[in-house]
Amino acid sequence: MVQPIERDGSMTVRVRYPPSPTGAQHIGNVRTAILNWLFAKKMGGRFILRLEDTDRDPSRYRPDVIPDILSNLRFLGIEPDEDWEKGGPVGPYIQSERLPLYQKAAEELIESGKAYRCYCTPERIAALRAGQQQRGEPTGYDRRCRYLTSPEMDKLSAQPFVVRLAVPLEGQTLYHDEVHGDISVENNALDDQVLLKSNGWPTYHLANVVDDHSMSITHVIRGEDWLPSTPKHVLLYQAFGWETPKWVHAPLILGTDHKKLSKRHGDTEFAEYIRRGYLPEALMNFLALLGWSPGEDQELYSVGDLIDRFSLEGITPHPAIFDANKLLWMNGEYIRKSSPTRIVDLSIPYLQEASLIKTEEDIELAERVVPLVTDRMKTLEEVAPLTDFFFGDMPKYDSKAVEKWLKSSDDGVTLAKILPRLEGIAADQFTVNLIEAAVRSGIEELGVPSPQVIHPLRVALTGRTVGPGLFETMAAMGKEKVLYRLKAIIAKEH
RNA sequence: GGCGCCAUCGUUCAGCGGAUAGGACAACGGGUUUUCAUCCCGUAAACCGGGGUUCGAUUCCCCGUGGCGCUACCA
């Protein structure tokens, strides 16, 4: 076992993030990982990843999601100090590889009378609960096997059994939570929790306590849904005679309707946000602020800022609401802060996905075009609909736009007037400045307000009424394509 | 039902006994502009209710109400 005590006498912080492979990681899981990681970084401690795969019910066990756990964290720039791939001093880091430890621990507890074998069948337990519910009584095991005599036990010894914790019948269990303060519960309200299942595998309660202790975890930072079962864990530590870690229960994440975050709230799967083109720094920033606050009026924080400011005191006691709209805004902020070349690089896969990029030339076009639309991008995914008109010979024409700016005969005349001026510019001189000068002089000659020329031109070239500045658009498009499209539209007018 | 946690603008995060209760998102209004977006300026908007404690409560305590969580041989 590693020693959490440093030579200078201070405690080395060791925190853990223990995902369970029962489904794709969601926002809440990752938020908990971030909180743990920030705390480790802040304290110069260690961030440990541990796989809690003790639930082998085929309907829940999903080994296929295991690789994503690591890759999702890495996407955010989180690299565990110890995990099941790189190992570490207190491995293995996969609970299914630690089974003997839990069995030994359970045995120890039975020896000392802190736990007992229970031979009750699942059927009896179910019937018991049903009756309790019907009568409006609190549900829970009736402790029948806790008081078995030796002869009775001998008779049952060949039967399958679970191991249950012998919760004290009286008194109360008190513990201190770093965000909620002192919490106490009456022991008589606690059930004799199953520690070891009849298949010999541990439940969360046992495995988590045994591992946190043997891995020298100093702070248990987890979601508030664990608050009610913490007394059972405290009792377990006491039964083993071990010192408890510090308890830190972070608030739950709810949807904007204040209900627990679920599929109903749209996407809650973390990887979905990666796919949709959210930047790691935006996700890190936003998720860190979900249930934690630096206590000041600022929203945008770099990872370094977050680490600098992180403290357990900043974890809020009330639920955190997941506001997808605010995430969207924040992502837009980070896109605009990024260098154009980075956004171009990140955008190319989305453009390929949308079948807009097919050739080397298309990539060059993308390099010119993407920087023109970063101001209106909130996610990388939006790059395709924002730039699609640049690609291919002709854009798709929006009927309303055409109706408004290309229908009157004046518009055709206008375009015809501008065309030769553009043709007069050399292909390698087709720059924003020269294009603007050419178009402006055409406008002057026509003697009409500039919008009456600019709008038809834009619709003719892009098929729509909104987009980047017209001259930038034309320069990026290139002389050849501009003339091709203009001529095509003029020909159609006649 | 039992046990536990929580409670500030429409939403969210601050505020940890004495302030004109602050920031952000969204909304609305205005400016810039060839459109949209960006950017800039501005407006509106909150302490769940009732008791205490205190010279003084948004802040501390109790009750109520409401929300959420747990109540599995799931984590």
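In the text below, chain A, chain B and the rest are named by the order of the sequence lines, each starting its count at 1.
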Aromatic ring proximity, centroids under 6.0 angstrom, A:Phe39 and A:His219: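 Yes, close enough.
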A:His180 ring center within less than 6.0 Å of A:His249 ring center: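 No, the ring centres sit 6.0 Å or more apart.
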What's the closest nucleotide to the side chain of [X] if the choices are [options]?
X        : options             : result
A:Arg458 : B:C13, B:U34, B:C39 : B:U34
A:Pro451 : B:U38, B:U34, B:C74 : B:U34
A:Glu472 : B:U34, B:C39, B:U12 : B:U34
A:Arg129 : B:C13, B:A37, B:C73 : B:C73
A:Ile321 : B:U12, B:U71, B:A14 : B:U12

Geometric class of the A:Phe322/A:Tyr273 ring pair [parallel <30°, tilted 30-60°, perpendicular >60°]: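 Plane angle over 60°, so perpendicular.
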A:Trp226 and A:Tyr204 aromatic ring geometry - parallel, tilted or perpendicular at 30°/60° bounds: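 Rings of A:Tyr204 and A:Trp226: parallel, as their planes differ by under 30°.
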Donor-acceptor pair (no angle test) under 3.5 Å: A:Arg376 side chain, B:U38 base: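 Side chain to base: no pair present.
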Among A:Leu206, A:Ile125, A:Thr203, the one residue meeting side chain to side chain contact (heavy atoms under 4.5 Å, CB included) with A:Val194: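 Result for side chain to side chain contact (heavy atoms under 4.5 Å, CB included) with A:Val194: A:Thr203.
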Annotated protein contacts, base or backbone, on nucleotides 21-33 of chain B with a non-hydrogen cut-off under 4.0 Å, one of B, S, - each: -BBBSS-------
Give [X] one of three labels, base, sugar-phosphate or nothing, depending on what nucleic acid heavy atoms sit under 4.0 Å from its own.
X        : answer
A:Pro294 : nothing
A:Gly332 : nothing
A:Thr465 : base
A:Thr54  : sugar-phosphate
A:Ser198 : base
A:Gly467 : base
A:Pro202 : sugar-phosphate

Does [N] have its OP1 or OP2 closer than 4.0 Å to a side-chain nitrogen or oxygen of [X]?
X        : N     : result
A:Thr473 : B:U35 : no
A:His180 : B:C6  : yes
A:Thr203 : B:A72 : no
A:Lys197 : B:A75 : yes
A:His249 : B:C70 : no

Basic-acidic side-chain contact under 4.0 Å: A:Arg124, A:Asp142: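 So A:Arg124 pairs with A:Asp142 through a salt bridge.
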Lys/Arg N to Asp/Glu carboxylate O, A:Glu97 vs A:Arg50, below 4.0 Å: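 No salt bridge links A:Glu97 with A:Arg50.
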5' priority, RNA chain B, between A:Val162 and A:Ser450 [closest heavy atom]: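 Its nucleotide being nearer the 5' end, the pick is A:Ser450.
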Residue whose closest nucleotide on RNA chain B lies nearer the 5' end, A:Val185 versus A:Ile315: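 Taking each residue's closest nucleotide, the earlier one in sequence belongs to A:Val185.
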Please write out each protein N/O paired with an N/O of nucleotides 63-69 of chain B under 3.5 Å, distance rounded to 0.1 Å.
{"residue": "B:C68", "atom": "OP1", "partner": "A:Lys259", "partner atom": "NZ", "Å": "2.1"}

Extract all donor-acceptor atom pairs below 3.5 Å that involve side chains of residues 382-389 of chain A and protein atoms in other chains or at least two apart in sequence.
{"residue": "A:Glu382", "atom": "OE1", "partner": "A:Lys378", "partner atom": "N", "Å": "2.7"}
{"residue": "A:Thr387", "atom": "OG1", "partner": "A:Val383", "partner atom": "O", "Å": "2.8"}
{"residue": "A:Asp388", "atom": "OD1", "partner": "A:Arg464", "partner atom": "NH2", "Å": "2.6"}

Close approaches to RNA chain B from residues 55-66 of chain A, in residue order (heavy atom, under 4.0 Å):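 Heavy-atom contacts with RNA chain B come from A:Asp55, A:Arg60.
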Watson-Crick and G-U pairing of RNA chain B written in dot-bracket, each distance under 3.5 angstrom, with | for inter-strand partners: ((((((((.[[[[.)..(...]]]].(((((.......)))))....[[[[[..)....]]]]])))))))....
Please write out each protein N/O paired with an N/O of nucleotides 58-62 of chain B under 3.5 Å, distance rounded to 0.1 Å.
none

